Amino acid sequence: MAATWAATAPALWSAAKRGLRRMDLFPYVIWAMVGLGFIYYFRQVKTASPERRDRIRDLLVVGAMTAVTPFFTEAKGWAFNMKVTGGLIFAYGWVLLVIDRFKAGYKE
């Protein structure tokens, strides 16, 4: 491990001296947008009916965690399946929220 660090340290230092380029900031901008989207959806859950609120929140949390987990793991074989599964669970929670808000608006 020390040999690997010793080999990459000069490259990291030279990149730090050059400063961040625009393309280096792109992943951070994307993650910030995804984070803001999650915050928006979780705030919208507060407007759902009380009997469905907990279920929708649980689906959004489980789906988001399942979709984001492969970005932090080393296993590459099943990462795409986890992303798709998490995205579908999140989308199911979002659809339940939309249907609930539609029913509430239709009643008014």
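Predicted model, so just to flag it, every value in this text is computed and none were measured.
- Contact of the Phe90 side chain with the Thr66 side chain is not registered, since no non-hydrogen atoms from C-beta on lie closer than 4.5 Å.
- Relative ring orientation between Tyr106 and Phe102 is described as parallel, the plane-to-plane angle staying below 30° on a 0-90° scale split at 30° and 60°.
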Inset, instruction - Dump the intermediate steps for side chain to side chain contact (heavy atoms under 4.5 Å, CB included) on Tyr92 and Val62, then the final yes or no. - result: CA-CA 11 Å; Tyr92 178 64; Val62 169; over 6 Å; no
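- Between Ile99 atom CD1 and Trp94 atom CH2 the span is 10.0 Å, to the nearest 0.5 Å.
- Note that the OG1 atom of Thr47 and the CZ atom of Arg53 stand 8.0 Å from one another [nearest 0.5 Å].
- If you take CZ on Arg57 and CZ on Arg55, they are separated by 14.0 Å, rounding to the nearest 0.5 Å.
- The nearest pair of heavy atoms linking Leu97 to Ala48 is CD1-CB, 3.9 Å.
- Contact of the Trp31 side chain with the Val68 side chain is registered, since non-hydrogen atoms from C-beta on lie closer than 4.5 Å.
- A single hydrophobic cluster is seen to contain both Phe42 and Tyr40, as judged by linkage of ILVMFWY side chains at heavy-atom distances under 4.5 Å, directly or through other members.
- Within the structure, the salt bridge (Lys or Arg N to Asp or Glu O under 4.0 Å) test picks out no pair touching residues 91-108 (sequence neighbours left out).
- Cluster membership check: Val29 does not share its hydrophobic cluster with Val34, using side-chain heavy-atom separations under 4.5 Å among Ile, Leu, Val, Met, Phe, Trp and Tyr.
- Applying the side-chain contact (heavy atoms from CB on, under 4.5 Å) test between Ile56 and each of Asp58, Leu60, Asp54 identifies Leu60 as the sole match.
- Contact record, Ala67 with Gly87: CB-N, 3.9 Å, taken as the closest heavy-atom pair.
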